[in-house]
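Taking it in order: structure first as structure tokens, then the write-up.
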Amino acid sequence: MGQITLEKVTKKFGNVEVIPPLDLTIHDGEFTVFVGPSGCGKSTLLRLIAGLEDMTSGTLRIDGQDATAIPPAKRGLAMVFQSYALYPHMSVRKNIAFPMRMAGVDQATQNAKIDAAAKALNLTDYLDRRPGQLSGGQRQRVAIGRAIVREPSAFLFDEPLSNLDAALRVGMRLEISELHKKLATTMVYVTHDQVEAMTMADKIVVLRAGHIEQVGSPLELYHTPRNTFVAGFIGSPKMNLIDGAEAEKHDAHTIGIRPEHIDVDAQGGPWQGKVGVAEHLGSDTFFHIHDTGLAETITVRAPGEVSFDHGDTVFLTPRDDKIHRFNAEGLRFS
Amino acid sequence: MATQHSRSAARLMMAPAVILLLGWMLVPLTMTLYFSFKKYLPLRGGDLGWVGFDNYTRFITSSAFWPSIQATLIIVGSVLAITVVLGVLLAILLDQPMWGQGVVRILVIAPFFVMPTVSALVWKNMFMDPVNGLFAHLWNAFGLTPVEWLSQASLTSIVMIVSWQWLPFATLILLTAIQSLDSEQLEAAEMDGAPPLYRFAYITLPHLARAITIVVLIQTIFLLSIFAEILVTTQGSFGTKTLTYLVYQRVLESQNVGLGSAGGVYAVILANIIALFLMRIVGKNLDA
Ligand SMILES: Nc1ncnc2c1ncn2[C@@H]1O[C@H](COP(=O)(O)OP(=O)(O)O)[C@@H](O)[C@H]1O
Ligand SMILES: [Mg+2]
């Protein structure tokens with residue numbers, strides 16, 4: 001069990017309100033990702049749930065019970081920190097055993113759980129090493145191991161992959177997703193990387209300045225972003241947002257069109273521009289088109305075999321049914 | 001620093017410093033050794049020739065020798081214990097965010113800037129004086145007979161004075177160590193269910209191990225040779241005669257340079273034995 005409910009939760013540091021009143025329900029077994037730009041209050045929100053920060057006002061419920069005043073250790077949540085926060089003077093085995101030791105679990109059970117966790121996380125050969133003798137990815141797994149053995153009702157991750165290199169990040173992303181499928185425990189995962197959010201989440205919570213901008217599944221956010229912020233934040237490359245005359249043709253203040261929903265060719269189309277930088281990924285090519293008169297650059301995603309040179313004049317055709325329309329407040333309509 | 005060439009260049013560059021340090025150490029040591037085998041009484045005939053190990057046996061069989069070793073060890077041990085324990089507590093206290101932190105920190109460090117002679121005199125006359133001292137007034141206020149600190153509790157007094165001097169040093173080193181502790185580790189331990197005392201024992205204290213080792217090693221070196229504090233307070237009476245002080249008495253009060261030099265050699269040996277023990281016990285904290 002691990003349903004977490006936030007009711008009118010706020011947090012102030014001194015006079016600065018970092019989290020304005022916020023309501024959110026995280027269902028049992030869900031993989032929820034908090035995503036948003038740096039400094040928007042994701043970590044603070046996670047630490048409020050963990051109990052490492054006190055709420056200024058509001059109520060936190062875990063499985064329906066008021067947990068606002070319960071100390072962190074008693075909330076039944078396990079946290080994986082960005083810095084891993086392993087205990088440097090203890091071996092991997094002792095690190096993983098620590099929460100069980102504190103809970104007074106008997107030695108035989110401890111050993112069984114450590115061995116199981118080590119096997120699941122590929123740490124069996126490293127149990128007697130100190131954290132300082134491990135690679136970043138291994139440390140990450142030890143931190144996860146230490147969380148698993150507590151059998152928490154929910155896992156909290158604060159940017160766990162941001163200290164790893166790109167290749168390792170992709171690997172660990174899969175491992176954490178696998179772990180979630182296997183344990184079916186609630187996971188709350190904080191990241192500023194929308195790719196991590198899209199690939200891992202059951203439910204994404206997009207935050208800006210402590211506000212929830214939108215909550216939904218990855219595809220909901222992709223297909224129907226509620227406002228221009230979410231539209232620009234979710235999806236890679238970013239959605240093209242176009243103001244002015246072109247938007248007015250669609251009776252909107254702003255229109256948005258994703259790079260993958262624009263066709264590019266040399267023959268003809270409603271929009272015209274000059275090719276700037278072309279990024280060749282092999283499978284796809286991203287063209288940054290200038291001088292369209294619509295926005296500073298329009299990004300277009302084309303199949304890998306399409307090839308234009310710098311300075312070529314090209315024509316763009318947006319697919320009309322894929323155009324998102326936003327009003328003057330930046331909110332989606334229709 | 002990898003190639004043959006750069007290594008020999010490095011040796012050449014370091015040579016002047018090494019030679020200077022060696023000379024600095026070797027000249028006095030050789031002279032001490034030289035005099036320790038002589039009967040040398042500056043005011044009573046000067047150099048009276050070689051006497052073999054006479055001075056060594058006389059020094060060690062003197063009734064003052066073993067008590068002086070004991071006094072030395074008690075003072076060093078007690079001061080180390082007091083400064084490390086209080087230093088850790090003070091460091092934790094000073095690490096808490098509080099009003100006037102900067103000023104408080106400077107105040108805590110201040111005793112370290114007071115010269116040993118001065119601070120010992122201040123303690124002797126302002127605190128421990130059985131008639132006018134602050135402690136005497138305090139005792140009187142509670143209707144108790146004032147303690148004659150320097151005669152009735154002489155070793156304790158010395159330990160108090162020296163601890164007061166060295167506490168700032170320990171606190172300072174330990175404070176910087178505590179400040180380098182990653183707060184996420186403490187938070188992780190908190191979430192893992194460790195109550196405050198366990199967090200201190202399992203996270204903070206191991207983190208401080210290296211700093212404590214450094215405090216112990218450095219302080220031992222200086223504490224073995226404390227002298228001014230004894231000279232201006234008890235002058236070695238009431239069981240406060242340390243090995244250093246005994247050597248001083250032999251050389252300057254008895255004017256027996258040979259005997260004092262032999263004592264000096266014993267002091268070097270004692271220091272080495274203690275250093276060996278310390279390195280055995282705490283030295284492993286220093287690597288990695
Ligand atoms: N302990 C604190 N004291 C004061 N301000 C803080 C504290 N922790 C975070 N903040 C502020 O709260 C805001 C949100 O921080 P944080 O939750 O760490 O953002 P994120 O994790 O999304 O990058 C930031 O503006 C940060 O400066
Ligand atoms: Mg953060």
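Here the structure is a predicted model, which means the values were calculated and not measured. Each chain gets a letter, A, B and so on, in the order its sequence line appears, and its residues count up from 1.
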* Got a donor-acceptor contact below 3.5 angstrom from the H89(A) side chain to the I203(B) backbone? -> no
* Structure fact -> Closest non-hydrogen contact found for L77(A) with M191(B) is O-CE, 3.4 Å
* Structure fact -> So, the part of A189(B) with a heavy atom under 4.5 Å from chain A: the answer is both
* Among P195(B), S183(B), P206(B), A209(B), who wins on heavy-atom pairs under 4.5 Å with chain A? -> P206(B)
* Under 3.5 Å, side chain of R146(A) to main-chain N/O of A188(B), donor-acceptor pair present? -> no
* Do R47(A) and E187(B) touch side chain to side chain, with heavy atoms closer than 4.5 Å? -> yes
* Asked: Counting only heavy atoms not in E178(A), do more than 12 sit closer than 6.0 Å to its CD atom?
  -> no
* With the side chain counted from C-beta on, respond yes when Y87(A) and D192(B) share a heavy-atom pair under 4.5 Å apart, and no when they do not. => yes
* Around E7(A), counting heavy atoms of other residues, nucleotides and ligands shown, do more than 12 lie under 6.0 Å from its CD? -> yes
* **Any side-chain heavy-atom pair of P88(A) and Q185(B) under 4.5 Å** => yes
* Structure fact -> Checked Q82(A), K74(A), M79(A) vs chain B; the most non-hydrogen pairs under 4.5 Å come from M79(A)
* To do: Return the minimal non-hydrogen interatomic distance between E190(B) and A73(A), and the atom names on each side.
  => O-CB, 3.4 Å
* Structure fact -> Ranking R130(A), R101(A), M100(A) by heavy-atom pairs under 4.5 Å to chain B gives rank one to R101(A)
